[in-house]
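Computed over heavy atoms, backbone and side chain alike; hydrogens, waters and symmetry mates excluded. Note on naming: letters A, B, ... go to the chains in the order of the sequence lines (proteins, then strands), and numbering restarts at 1 for each one.
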Amino acid sequence: MFNKDRWKEILEVLTSNWFRTVLTAFGVFWGILILIILLAAGKGLENGIKSDFGDIATNTMFMWTRNTTKPYKGLPKGRRFNFKVDDVQSIKDNIPNLRFVSPRNRLGGFGGGNNVVRGINVGAYNVYGDYPEIIKQEPMAITSGRFINYSDIKEKKKIAIIGEGVKTGLYKKEEKVLGTYIKIQGISFLVVGTYKKKSNDGDGEEAQKEIYVPFTAFSQAFNRGDNVGWMAITANDGSSISNLKERIVALVKENRKVHPEDKRAVGNFDLYEQYNRVESLFGAMRFIAYFVGVLVLLSGIIGVSNIMLIVVKERTKEIGIRRALGEDPWSIKLQILMESIFLTIISGMAGITFGALFIYGINKMLDMNGPVDMFVNPSVSLGVVVAALMILIVSGLLAGFIPAQSAIKTKPIDALRAE
Amino acid sequence: MIEIKDLHKSYKMGSNSLHVLKGINFSVKEGELVAIMGSSGSGKSTLLNILGMLDELDEGSYTLDGVPIKNLNETKAAQYRNKFLGFVFQSFNLINYKSAMENVALPLYYQKVGRKERQEKALKYLEQVGLKEWATHLPNELSGGQKQRVAIARAMAAEPKVLLADEPTGALDSKTSYEVMDLIQKINDQGNTILLVTHEPDIADMCKRIVHLKDGVIIEDKKVEQVRASQYV
């Protein structure tokens, strides 16, 4: 196969009609280029959407209470209820494979009145009573100081971690933040840290205007007793939260004496389900990219096959001569197949290279003009390139197969008579 | 060298069958120079094709140098052609994108002879036909007579048992025809067995034996006094 004479012959045949060879190669080149660009564009969109999820632990559900809609065990419908601190322990004890269960209480909220005061500055911010694990479920970068820890929880320390947005609202530029006090609904908290959340969707601004305080201190300061307003629950990596959701909700319903079929009493949001929905959307997009790309490639392959048939037809007499001189039919077949594979691979490689350059150019442009919404780092992995090469080799074989067969189908005596 | 017994061959043309060779008995000894003559349709080319293993016989037997030739698959036939036979065609049948030397080296390539040795041998045979300085030229840069001499060199390169020539002078004027015949006679003088098909009596007279074919049977098989082509050159 790695025979100098054979390669010389392949090159002689392919270069004997440059224009035709280039036109034929273009079909394959175009097909693989389209495939690469489609896959890269899909990847860019995927990267863009996924960066919106940020570092949030996606295997997470959020859960909150609403009014009951069914009477149960002598309790009326329309009853307002809360989770209790006991529920957290009960969930941890009864449901396996959970990584974090973080209860939360909250003050303020979107459109709420001013609730935080520092000197002459006031502001309306979300104030959360949280556990230390929340930073792993809703990742944020601590830009100075520290986050809540368990000794804060145990000792009910009145400390606060404020967002960069809060800092700009309550403090002058260059003013020292750590070690100062802010008043949340009239109660003083010591600022021990600042954070910044990575988020580039519409909530980006709002996400920086939050204040985190220890859950226990919050409950005590704002009279929440053992009530819990909201929970973030993350499952272990191996198991999906979507599968555990039913059991968790059923458990808290039983604990809180809510009718088991009261579907509205416990509200929840399953991030994992949303994530999976997006994932399957991208799966479908990848499928479409492959489908369209491979079909375009296929038309290129048919072009190659067609030209190879013509080449074989043109060389009928030559093939007849060579067989009369004693060339093995298999050697002729191999020759045609190699010509076809060679042409396919060369033009395919050109397509891959050109596609890579194109993607490189797009990335350069994205870098220069700043980020674009929902489109980040379009790229194809090495795996895709290897797969594309495999497709090329196989398709080169397929393209050459029929022509090679027809080359040795004609008997040498008939081939010699051909003009 | 060649033994043919009761050879029959017919072609199917739709529902009709055309009986071309009707029982040929014929043998050739080593070193002979045989002309097969006959008008068109007499079956002389068919006979040569069967001898050249390019076509299969229907009935009878064919033995070449003691090897029975029958039921060959394509691969085997190709091997035998390569090993036993050299072909010279009326229309030269050189491969036009290969140089004279590469054309001559082709049968050696199929015998998997190494590149260097191939080139040496090819040059040697080109020298024998007087075309050494044309070795790097493509066929379309050569005249008809030169092309046929390259084809003869190619046929001889594999050192075959028998050289088969199908109207080798059919596309040439008389002067170059005689030159080519002179070459063929010289090759025969070295002891090579040669069969050639022709319908020109003067070419046939330059052989040592003439076989006349008519309507698929041999009507005459005679030894003749050889006319040397060199006197016309």
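Note on residues 323-352 of chain A: pairs passing ring-ring contact (aromatic ring centres under 6.0 Å, His included), not counting sequence neighbours, are A:W7-A:F342. Residues in residues 118-144 of chain B take part in these ring-ring contact (aromatic ring centres under 6.0 Å, His included) pairs, two or more places apart or across chains: B:W134-B:H137.
Here the CG atom belonging to A:L38 is positioned 11.5 Å from the OH atom belonging to A:Y290, to the nearest 0.5 angstrom. Rounded to the nearest 0.5 Å, atoms CD (A:E46) and CE (A:M285) are 7.0 Å apart.
Classification of A:R322 and A:E318 as a salt-bridged pair holds, one side-chain N sitting under 4.0 Å from a carboxylate O. Taking the charged nitrogens against the carboxylate oxygens, B:E74 and A:K333 have no contact shorter than 4.0 Å, which rules out a salt bridge.
Counting heavy-atom pairs under 4.5 Å between each of A:E9, A:K411, A:R315 and chain B puts A:E9 at the top.
In this structure a side-chain-to-backbone donor-acceptor pair under 3.5 Å is present from A:S305 to A:A399.
Partners of B:Q111 under the side-chain hydrogen bond (donor to acceptor under 3.5 Å, both in side chains) rule, at least two apart in sequence or in another chain, are B:N82.
Both the backbone and the side chain of A:E327 have a heavy atom closer than 4.5 Å to some heavy atom of chain B. Contact annotation for B:L85: neither backbone nor side-chain heavy atoms come within less than 4.5 Å of a heavy atom of chain A. Interface remark: B:Y80 contributes no atoms to any contact with chain A (heavy atom separation under 4.5 Å). If you measure heavy-atom distances from B:Y97 to chain A, the contacts under 4.5 Å come from both the backbone and the side chain. Neither the backbone nor the side chain of B:K83 comes within less than 4.5 Å of any heavy atom in chain A.
Using a 4.5 Å cut-off between non-hydrogen atoms, the part of residues 33-56 of chain B that approaches chain A consists of B:N49, B:L54, B:D55.
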Stepwise salt bridge (Lys or Arg N to Asp or Glu O under 4.0 Å) test for A:D414 and A:R417: CA-CA 5 Å; A:D414 298 324; A:R417 284 198 198 110; 3.4 Å; yes
